[in-house]
Amino acid sequence: MKRAIFPGSFDPLTLGHYDIIKRGITLFDEIVVAIGVNSSKKYMFTLDERKQFIEDAFTDEPKIKVMTYQGLTVDFCKDINVDFILRGLRNPADFEFEKAIAHTNRDLAPIETVFLLTSADTSYIASSIVRDVIRNNGDYTKLVPKSVRLK
Ligand code: ADP
């Protein structure tokens, strides 16, 4: 069984993430959406909220699981016995950044990183932009799945 993790902060889940996960399940038997917890980072949404947004977006999709982790992504992969990391690429800056991380991860463990290019219509979306729109009372609903709503 081919399993991958899709790691990230998901603060919050966006239509860009959603697109990569949906397309990822055509390649893998299971995808664990893995929310990384970094105690020195400030988040707009709590861990529970971020987890709930993802679970609610994929209630009809049994191949998607949601988990949280701390520490190195490759250690988490070993813990849950996953061989692949799925990542999305939006632009050259993402590529350079992701290349360094993927090489480092390969040095640390025999885990392959698989990249999917973003779909053209969601390639400009980033969680940081969504947070900015929310902070400034803009209509963020066009950028996120329906499960992502402010209380
Ligand atoms: P991180 O904190 O690692 O940046 P994110 O939650 O922002 O986590 O992103 C997780 C993954 O989703 C990364 O691989 C990132 O490149 C990808 N991603 C983010 N936004 C998009 C998008 N609009 N289209 C496709 N992939 C995206």
Side-chain angles (χ1 to χ4, degrees), residues 2-28 30-58 61 63-77 79-80 82-109 111-135 138-150:
K2 278 199 166 36
R3 298 166 70 229
I5 73 162
F6 183 54
S9 309
F10 307 105
D11 187 30
L13 179 74
T14 69
L15 288 178
H17 298 132
Y18 184 85
D19 167 66
I20 296 290
I21 297 166
K22 275 285 190 188
R23 287 163 51 215
I25 42 178
T26 64
L27 302 173
F28 295 102
E30 182 180 291
I31 293 180
V32 176
V33 182
I35 310 175
V37 181
N38 179 344
S39 52
S40 61
K41 219 167 149 181
K42 281 228 162 76
Y43 299 100
M44 173 174 273
F45 294 96
T46 67
L47 188 55
D48 280 348
E49 285 171 328
R50 284 179 282 147
K51 193 163 183 265
Q52 198 68 54
F53 291 154
I54 304 168
E55 281 171 355
D56 290 351
F58 294 103
E61 189 43 79
K63 288 165 83 179
I64 307 293
K65 304 266 179 307
V66 188
M67 295 178 83
T68 62
Y69 74 104
Q70 273 180 321
L72 291 178
T73 304
V74 289
D75 288 341
F76 181 62
C77 290
D79 287 348
I80 62 165
V82 161
D83 295 320
F84 300 94
I85 296 174
L86 175 65
R87 295 290 282 178
L89 290 179
R90 285 167 288 194
N91 50 44
D94 269 359
F95 174 75
E96 289 301 330
F97 180 71
E98 294 292 341
K99 186 172 76 163
I101 297 181
H103 282 314
T104 308
N105 283 339
R106 276 271 296 273
D107 283 343
L108 296 172
I111 288 171
E112 288 290 351
T113 304
V114 175
F115 298 101
L116 286 181
L117 282 184
T118 62
S119 295
D121 54 347
T122 55
S123 65
Y124 65 96
I125 302 175
S127 293
S128 57
I129 294 178
V130 173
R131 294 196 298 274
D132 264 351
V133 172
I134 291 173
R135 273 190 212 104
D139 181 9
Y140 65 95
T141 59
K142 294 183 176 73
L143 306 170
V144 296
K146 285 195 176 59
S147 63
V148 179
R149 290 295 180 259
L150 296 174

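Atoms within a ligand are numbered from 1 in the order they appear, just like the ligands themselves. Everything numeric here is computed off the predicted structure, so don't read it as measured data.
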Legend entry - Set of salt bridge (Lys or Arg N to Asp or Glu O under 4.0 Å) partners for K63, sequence neighbours left out: none

Legend entry - Residues that R106 engages under salt bridge (Lys or Arg N to Asp or Glu O under 4.0 Å), provided they are two or more places apart: E112

Inset, instruction - Cation-pi check, R50 to Y43: give yes when NZ or CZ is under 6.0 Å from the six-membered ring centre and within 45° of the ring axis, no otherwise. - result: yes

Legend entry - Distance-only side-chain donor-acceptor flag, T141 / D139, under 3.5 Å: yes

Inset, instruction - Using heavy atoms and a cut-off under 4.0 Å, could you grab the residues that are in contact with ligand 1, chain by chain, numbers ascending? - result: F6, P7, G8, S9, F10, G16, H17, I20, K41, R87, G88, R90, D94, E98, T118, T122, I125

Legend entry - Residues that N91 engages under side chain to side chain donor-acceptor pair (under 3.5 Å), provided they are two or more places apart: none

Inset, instruction - Calculate, to the nearest 0.5 Å, the distance between atoms OG1 and CD1 belonging to T122 and I20 respectively. - result: 7.0 Å

